[in-house]
Amino acid sequence: MSDGVTGWRPKLVALDIDGTLLKWVEGSGTTREEISQAVKDAVQRAVEAGAHVVLASGRSPHGMTNVADMLELHGEGRERLWSVASNGAVVFRYPPLEVVHEEKFDARPAVEAILARHPNALVAVEERGVGYRVNSHFPDGELSGDMIVTDVADLVAAEVSRVIIRDPESTADEFVALAGELGLHGTNYVVGWTAWLDLAPVGVSKASGLAHVADRLGLTGADALAVGDGRNDVEMFEWAHRGVAMGQAIEDVIAAADAVTDSVYEDGLAIELDTWFG
C-alpha cells in the first residue's frame, strides 16, 4: 500500500525498541519484555515487502541483538541487519555484531558539572560486549549485561560514545531543567522517562545514525518512516518523511510527530505498519 495522494511508501522503517516494539508484561511476580505476535508479523510483512527495517535505540549494541533475534530479522537469504545504537553514536550490522561507525567525545566536563549538582547520581559508560562500567550499581533491570564498578575519573578519562546519568532520587522534569541550566556545551543530551540523562557528542542523535545508514543504502530521510515513544525519538521524527508517536508517549513527543498510533499495549506499531505493508 502507498500514500494514495503522493504514491509514497516507506523504503526504510526506523523502529525504536522500548515502548514501541517491546512492552513489559507482568506475571508470576516478575516483569518480562515481550513483542506481541501482531507486531512481529507486521514487521515481517514490511521486510517481505522490501523495506529496510532498522532498529534505532538508546540501548547499547549488545542490548539490541536479542531484539533482532526475537523479531527474526536476519536469516538465510537476507542481508545483515543495520542498527543504530546508543542514540545514534554507534551504527552496527548484525549478525555477527560489527560496529561500522562510532562517534566519541570528551564527557568529563559535563559529567563533573552534573555531579556537582547531583553528587549521588549514578554514572555508566558502555563496556562493549560485556555490559557497563558504573560508579555504583544501577537499579535492577535498567542496564543490560554486567556492571563493573569503576571510579568516575576512570570512567571519563578517555573519549566515549555515550554516558548515562541516573538519579533515582530525582525526576525527569528536574533533569530537563538541570540540562537547560548547565548548557552542557559540546554535548548533546536527552532525558528519558525518569531522571535518566543520556550524554552524546554534539550533533549525534538517532537521526544522524539513521542518516548514515540511509546513505549506505542509497536512501534519504525522504524514504523513511520512523516510529517511537521517547524524547530521543524527536530528531528522527524530524528527519524522516513520516514520524509516528506511540499512543503512550508524552505530549512533547506527540507534538513533534506527524501522526499518533495506538499505545504499545494496543499494538500501535502493527497498526501503523499495516497502513503501508498490510
Side-chain angles (χ1 to χ4, degrees), residues 16-19 56-64 84-90 102-128 130-209 228-236 249-250 252-253:
D16 169 53
I17 291 178
D18 297 286
S57 178
R59 292 184 177 208
S60 59
H62 66 266
M64 294 175 65
V84 173
S86 305
N87 285 325
V90 179
E102 185 170 15
E103 302 271 3
K104 291 187 175 184
F105 73 120
D106 178 9
R108 186 179 55 79
V111 170
E112 288 178 349
I114 293 164
L115 288 177
R117 301 279 196 101
H118 290 259
N120 296 325
L122 307 174
V123 182
V125 172
E126 181 191 348
E127 184 73 10
R128 185 150 307 137
V130 178
Y132 290 86
R133 288 184 292 131
V134 299
N135 65 335
S136 188
H137 283 273
F138 276 55
D140 286 346
E142 290 195 350
L143 296 177
S144 57
D146 296 335
M147 285 185 268
I148 306 158
V149 176
T150 308
D151 187 77
V152 171
D154 293 330
L155 286 179
V156 292
E159 290 197 333
V160 295
S161 55
R162 174 197 183 204
V163 174
I164 300 166
I165 310 283
R166 173 81 165 94
D167 187 351
E169 298 168 6
S170 193
T171 66
D173 287 343
E174 286 170 344
F175 262 33
V176 169
L178 170 72
E181 289 165 16
L182 292 177
L184 300 180
H185 297 295
T187 305
N188 230 20
Y189 67 88
V190 62
V191 178
W193 285 97
T194 58
W196 176 293
L197 187 67
D198 272 311
L199 303 177
V202 160
V204 170
S205 67
K206 288 187 183 183
S208 66
D229 75 320
R231 289 186 181 92
N232 60 342
D233 297 314
V234 169
E235 291 92 347
M236 77 171 183
I250 62 170
D252 288 354
V253 176

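The shown structure was predicted, so the numbers you read here are calculated from the model rather than taken from an experiment.
Here the closest non-hydrogen pair linking Thr187 and Ala110 is OG1-CB, 4.0 Å. Across Pro119 and Ala116, no two heavy atoms sit closer than the pair CD-O, 4.4 Å. Residues Arg231 and Gly192 approach most closely at NH1-O, 2.8 Å, considering heavy atoms. The nearest pair of heavy atoms linking Asp229 to Ala249 is O-CB, 3.5 Å. What you find for Ser60 and Ala85 is that their closest heavy atoms are C-CB, 4.1 Å. The shortest heavy-atom contact between Ser170 and Glu174 is OG-OE1, 2.5 Å.
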Check your understanding: Would Val204 and Phe105 satisfy side-chain contact (heavy atoms from CB on, under 4.5 Å), going step by step from the backbone distance to the final call?
Key -> CA-CA 10 Å; Val204 170; Phe105 73 120; over 6 Å; no
Practice item. Go through the steps for Val190 and Glu235 under the test side-chain contact (heavy atoms from CB on, under 4.5 Å), then give the verdict. Key: CA-CA 11 Å; Val190 62; Glu235 291 92 347; 5.9 Å; no
Check your understanding: Run the side-chain contact (heavy atoms from CB on, under 4.5 Å) check on Glu112 and Val156 step by step: do they pass?
Key -> CA-CA 10 Å; Glu112 288 178 349; Val156 292; 5.9 Å; no
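For the pair Ile164 and Leu143, the minimum side-chain heavy-atom distance is below 4.5 Å. Counting heavy atoms from C-beta on, the side chains of Glu127 and Tyr132 never come closer than 4.5 Å. Taking the side chain as every heavy atom from C-beta outward, Leu182 and Arg117 approach each other to under 4.5 Å. Residues Leu184 and Ile114 are in side-chain contact: their nearest non-hydrogen atoms beyond the backbone lie under 4.5 Å apart. No side-chain heavy atom of Glu169 sits less than 4.5 Å from a side-chain heavy atom of His118. Side-chain contact between Ser86 and Pro61 is present, with at least one heavy-atom pair separated by less than 4.5 Å. Side-chain contact between Leu155 and Val111 is absent, with no heavy atoms from C-beta onward closer than 4.5 Å. Contact check for Val149 versus Val134: side-chain heavy atoms found under the 4.5 Å cut-off.
Remark: Ile165 CD1 to Leu122 CG distance equals 9.0 Å, nearest 0.5 Å. Ser144 contributes atom OG, which lies 3.5 Å from atom NE2 of His62 (distance to the nearest 0.5 angstrom). Taking CZ of Arg133 as the start and CE of Met147 as the end, the distance is 15.0 Å to the nearest 0.5 Å.
Every residue two or more places apart in sequence or in another chain was checked for a ring-ring contact (aromatic ring centres under 6.0 Å, His included) with Tyr189, and none qualifies.
Among residue pairs with one or both ends in residues 140-157, those qualifying as salt bridge (Lys or Arg N to Asp or Glu O under 4.0 Å) are Glu142-Arg166; sequence neighbours excluded. Every pair passing salt bridge (Lys or Arg N to Asp or Glu O under 4.0 Å) that includes a residue from residues 197-208 is listed here, sequence neighbours excluded: Asp16-Lys206, Arg162-Asp198, Lys206-Asp233.
Here the side chain of Asn135 pairs a donor or acceptor atom with the backbone of Val123 at under 3.5 angstrom.
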